[in-house]
Number of protein chains: 4
Amino acid sequence: MQRSRSTDKRNRILQAAVKVFADKGFYVARVSDVAREAGVADGTIYLYFASKGELLRGLFEENMGRLIERVRSVAGSSDSATQRLERIWSDYVAFVQTEPELAEVLTVELRESGKFMNEFAADLFGAFLRVIVEVIAEGQSQGELRSDVSARTVARLMFGAFDELSLSWVMSKNKWDLDASGREALAIFLAGLRPDSNQTQSN
Amino acid sequence: MQRSRSTDKRNRILQAAVKVFADKGFYVARVSDVAREAGVADGTIYLYFASKGELLRGLFEENMGRLIERVRSVAGSSDSATQRLERIWSDYVAFVQTEPELAEVLTVELRESGKFMNEFAADLFGAFLRVIVEVIAEGQSQGELRSDVSARTVARLMFGAFDELSLSWVMSKNKWDLDASGREALAIFLAGLRPDSNQTQSN
Amino acid sequence: MQRSRSTDKRNRILQAAVKVFADKGFYVARVSDVAREAGVADGTIYLYFASKGELLRGLFEENMGRLIERVRSVAGSSDSATQRLERIWSDYVAFVQTEPELAEVLTVELRESGKFMNEFAADLFGAFLRVIVEVIAEGQSQGELRSDVSARTVARLMFGAFDELSLSWVMSKNKWDLDASGREALAIFLAGLRPDSNQTQSN
Amino acid sequence: MQRSRSTDKRNRILQAAVKVFADKGFYVARVSDVAREAGVADGTIYLYFASKGELLRGLFEENMGRLIERVRSVAGSSDSATQRLERIWSDYVAFVQTEPELAEVLTVELRESGKFMNEFAADLFGAFLRVIVEVIAEGQSQGELRSDVSARTVARLMFGAFDELSLSWVMSKNKWDLDASGREALAIFLAGLRPDSNQTQSN
DNA sequence: GATGAATGAGGGTTCATTCAT
DNA sequence: TATGAATGAACCCTCATTCAT
């Protein structure tokens with residue numbers, strides 16, 4: 001828990017980076033923009049991060065870490081898979097609503113940046129996804145969710161759906177009710193995942 | 001059908017841009033990379049596009065236009081909403097499989113670039129989404145799909161889900177069966193959208 | 001008098017160059033601007049001039065040549081030095097008024113370009129000046145003009161004065177009466193050059 | 001008197017620019033030439049000037065300002081108009097001799113650049129000219145100088161004459177005596193401007 | 001001769017990174 | 001630790017020139 005140098009300043013820089021990257025995008029944002037936003041000198045950033053890229057990496061690490069912890073603690077509860085999915089979902093809604101800029105950065109930059117920090121970004125995202133996969137797999141093995149679909153696919157679907165929903169909410173400047181849409185979305189998924197739901201399926 | 005200068009060359013440049021942008025991302029890619037890939041001189045690109053940004057814009061315009069046409073023609077058929085969704089879906093799978101690099105660029109760069117060509121990108125994406133919204137709305141008004149959810153939300157969900165699925169397929173270098181996952185995904189959605197599926201919904 | 005290729009087209013290009021260079025200056029003007037103005041293709045210019053620089057050189061040569069001829073024929077007359085200076089002067093006024101753009105190019109670009117075609121520009125200008133020097137020297141040797149000043153200096157003075165006058169007239173878009181100013185200027189010079197005018201000179 | 005960043009460095013860059021622009025001309029000169037001459041990195045120039053053009057503008061501003069001050073202080077003295085013209089003239093000679101490169105840049109580039117920074121250059125030059133106009137007008141109203149000529153025209157004449165004289169001196173690498181020529185020139189002007197000098201005027 | 005699409009060297013400018021203070 | 005002036009590599013873009021038609 002101990003760090004050399006001031007953890008405060010490091011955090012200020014990270015938060016500034018979130019704001020600036022969300023606003024302009026990683027590539028368009030200048031290191032000096034982040035410095036100004038953080039209220040430090042340009043050079044100071046390099047006392048905490050080796051490069052602009054490492055700043056983004058640090059940002060991912062720190063925040064995805066937090067997110068993964070959060071989702072893990074929910075996923076680890078003794079509730080039913082359905083209930084846990086509901087809670088993960090609403091927890092994520094809360095996160096997006098509380099920290100929309102961070103949500104935007106994690107979502108948008110994770111993709112473009114995949115280009116230059118591939119395995120790393122993939123790892124974090126993979127860790128996140130794995131938690132959901134497990135909940136779903138448990139739901140399937142206990143007959144709570146239909147078993148004729150790959151848990152991995154389902155997890156990706158849900159993540160993708162939610163990602164799109166929250167991103168468009170963030171980018172539309174919160175003009176509509178994310179809670180409500182989120183509930184609708186979850187309802188559709190849970191309905192589509194009921195064990196008996198595969199009966200009428202055509203192709 | 002006639003253009004000034006060679007449409008061939010313009011297309012070669014666009015295709016090269018797709019390849020290069022897919023590989024490195026728009027910001028990391030150099031104009032000279034595109035030129036080399038296209039087999040033209042750097043300057044030649046500027047005979048067809050006013051700037052690197054306009055090249056990306058042209059790429060979107062041309063290809064999103066094609067995609068939208070495609071999805072529109074399917075959406076306009078006289079089939080049931082369910083059937084049309086199935087066909088749109090499989091059509092999109094085919095597109096992603098045929099032109100994975102293009103799919104990657106359209107998906108990834110549309111986001112990061114939203115930062116510098118906002119309304120434009122939003123328009124194209126909006127047009128695409130609207131087609132799907134209509135199919136869903138028709139399905140709802142004819143009792144084919146549940147009506148207690150917003151068509152717009154559903155469209156976004158499906159798009160997001162599919163987008164994530166295809167993107168991860170593309171980025172994982174086609175290691176798994178996109179067709180199969182796509183069918184599973186569609187099955188879940190259609191099941192979740194059946195008119196009677198809202199009965200067991202909890203919260 | 002015979003030239004290979006069309007002398008017409010060569011002249012059209014030269015005239016276009018005068019117009020364009022006067023408007024934008026040599027360095028800012030593009031070869032394609034000249035081509036457009038001349039109504040020919042870019043490449044055509046290179047059939048008549050080896051380079052953009054040679055185009056300027058050709059422009060100088062052709063027109064300074066003309067000017068020098070003109071001034072020489074006046075200078076060679078049997079009139080008194082004073083009268084010849086008057087006629088040279090009014091002739092130059094007529095030239096500036098008839099071809100202001102050419103006057104501007106010759107005046108302005110001769111200087112900046114001196115940087116890249118030094119001896120050449122200097123030669124042409126030297127030839128021009130020499131004619132005036134001779135008239136003045138003759139006036140001096142015949143007691144018509146004061147002899148206590150260098151003819152070369154006087155020629156430069158008169159040229160510089162007139163150059164400034166006409167240039168500011170051209171650049172001010174002909175807002176004032178160049179004829180009148182020219183006459184005033186000449187009056188001053190001639191008065192200052194009278195043999196007896198050195199009597200009251202202080203330092 | 002305090003500026004952000006080092007005024008020293010700004011001045012070093014300005015002086016380097018004078019040297020380089022005098023040598024090659026503004027358009028042929030490369031920013032990197034100026035940087036090398038100033039002993040700084042290319043990028044450093046942009047810490048002090050927004051663009052190459054602004055560097056030229058800054059150069060004008062700074063130095064023309066100095067010149068105008070100088071001429072103004074002479075012009076404001078209580079001497080006779082004639083004496084003041086003499087002192088302005090000799091002061092300018094001194095300036096040209098002390099800083100020939102600067103004189104060259106101010107003279108030559110002011111013209112070519114008129115093309116891209118018109119009003120600005122015109123303003124500075126106008127301010128300079130106005131001072132001389134006033135001296136002459138005062139001389140006229142006090143009967144010291146002939147009144148049948150426009151003070152503005154006279155000022156332009158004198159400036160043009162002097163400009164030409166000093167420029168050719170600078171460009172000929174100081175091969176002759178500028179002092180002497182300058183005195184001759186002034187003698188001619190003053191003689192030509194004597195109140196009684198209009199008696200023999202022909203046309 | 002004439003064209004104008006293509007070329008590619010070169011330059012202005014930016015900005016991540018360094019380092020003397 | 002912190003600063004921010006300085007650096008200079010790198011890139012987008014321009015445009016004089018060429019050459020296949």
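All values derive from a computational prediction rather than experimental measurement. Below, read A as the first sequence line, B as the second, and so on, with proteins coming before strands; counting in each chain starts at 1. Hydrogens, waters and symmetry mates are skipped; everything else that's a heavy atom, side chains included, is used.
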> Check the distance between dC19(E)'s C1' and Asp42(A)'s CG and give it to me in whole angstrom.
14 Å
> How long is the line joining CG of Leu55(A) and P of dC15(E), in whole Å?
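So the CG-P distance, Leu55(A) to dC15(E), works out to 16 Å.
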> What is the distance, to the nearest angstrom, from the CG atom on Leu47(D) to the C1' atom on dT7(F)?
9 Å
> Could you state the CD1-C1' distance from Ile45(D) to dG8(F), rounded to the nearest angstrom?
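Whole-Å distance recorded here is 12 Å.
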> Please state whether the phosphate of dA2(E), meaning OP1 or OP2, lies under 4.0 angstrom from any side-chain nitrogen or oxygen of Tyr48(C).
yes
> What's Ala50(D) touching, base or sugar-phosphate or nothing? Going by heavy atoms closer than 4.0 Å.
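No contact.
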> Quick check: on DNA chain E, is the nucleotide nearest Ser51(A) upstream (toward 5') of the one nearest Gly43(B), or the reverse? Name the residue that is more 5'.
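On the 5' side of the pair lies Gly43(B).
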> Which heavy-atom pair separates Phe60(C) from Leu106(C) by the least distance, and what is that distance?
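Taking Phe60(C) first and Leu106(C) second, the nearest heavy atoms are CD2-CD2, 3.4 Å.
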> Taking only side-chain nitrogens and oxygens of Tyr27(B), does any of them come within less than 4.0 Å of OP1 or OP2 of dC11(F)?
no
> Among Glu104(B), Glu101(B), Glu37(B), Glu99(B), which residue meets the salt bridge (charged side-chain N to carboxylate O under 4.0 Å, His left out) test with Lys19(B)?
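Option passing the salt bridge (charged side-chain N to carboxylate O under 4.0 Å, His left out) with Lys19(B): Glu37(B).
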> For DNA chain F, what string of dots and brackets results from 5' to 3' when Watson-Crick and G-U pairs need both distances under 3.5 Å, crossing pairs get [ ], and pairs with another strand get |?
.||||||||||||||||||||
> Quick one: pull up OH in Tyr27(A) and CZ in Phe21(A) and give me the separation to the nearest 0.5 Å.
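Interatomic distance, Tyr27(A) OH to Phe21(A) CZ, rounded to 0.5 Å: 10.5 Å.
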> Taking for each residue the nucleotide of DNA chain F with the nearest heavy atom, is it Ala41(A) or Gly39(D) whose nucleotide lies nearer the 5' end?
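Per heavy-atom nearest nucleotide, the more 5' residue is Ala41(A).
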> So, does Thr44(C) get its side chain near the phosphate of dT3(E), meaning an N or O under 4.0 Å from OP1 or OP2?
yes
> Categorize Ala35(B) for me: base, sugar-phosphate, or nothing, with a 4.0 angstrom heavy-atom threshold over every strand shown.
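Since no nucleic acid heavy atom lies under 4.0 Å of Ala35(B), the category is nothing.
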> Counting only side-chain N and O atoms of Arg30(B), is one of them less than 4.0 Å from OP1 or OP2 of dC12(F)?
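So the side chain of Arg30(B) is within the cut-off, an N or O lying under 4.0 Å from OP1 or OP2 of dC12(F).
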> State the CD1-NZ distance between Ile45(D) and Lys9(D), to the nearest 0.5 angstrom.
11.5 Å
> Starting at NZ of Lys24(D) and ending at C1' of dG11(E), how long is that distance when rounded to a whole Å?
12 Å
> Toward the 5' end of DNA chain E, which comes first, Val40(B) or Lys52(A), by nearest nucleotide?
Val40(B)
> Distance from Arg36(D) atom CZ to Arg30(D) atom CZ, nearest 0.5 Å?
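The CZ atom of Arg36(D) sits 11.5 Å away from the CZ atom of Arg30(D).
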> By side chain to side chain contact (heavy atoms under 4.5 Å, CB included), which residues pair with Ala103(C), not counting sequence neighbours?
Phe95(C), Val96(C)
> Nearest whole Å is fine: how far is dA16(E) P from Phe26(A) CZ?
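Spelled out: CZ on Phe26(A) to P on dA16(E) is 9 Å.
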> List the atom of Ala16(B), the atom of Val34(B), and the distance in Å for their closest heavy-atom pair.
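Smallest heavy-atom distance, with atoms named: CB-O, 3.6 Å.
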> Start at the 5' end of DNA chain F and walk down; is the nucleotide closest to Gly53(C) or to Gly53(B) reached first?
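That would be Gly53(B).
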> For Lys52(D), enumerate each residue passing the salt bridge (Lys or Arg N to Asp or Glu O under 4.0 Å) test, keeping only those at least two apart in sequence or located in another chain.
none
> Whole Å only: how far is the OH atom of Tyr46(D) from the P atom of dA16(E)?
18 Å
> Does dA6(E) have its OP1 or OP2 closer than 4.0 Å to a side-chain nitrogen or oxygen of Lys9(B)?
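Result: yes.
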> Would you kindly give the CZ-to-C1' distance between Arg12(B) and dA5(E), to the nearest whole Å?
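Nearest whole value for this atom pair: 13 Å.
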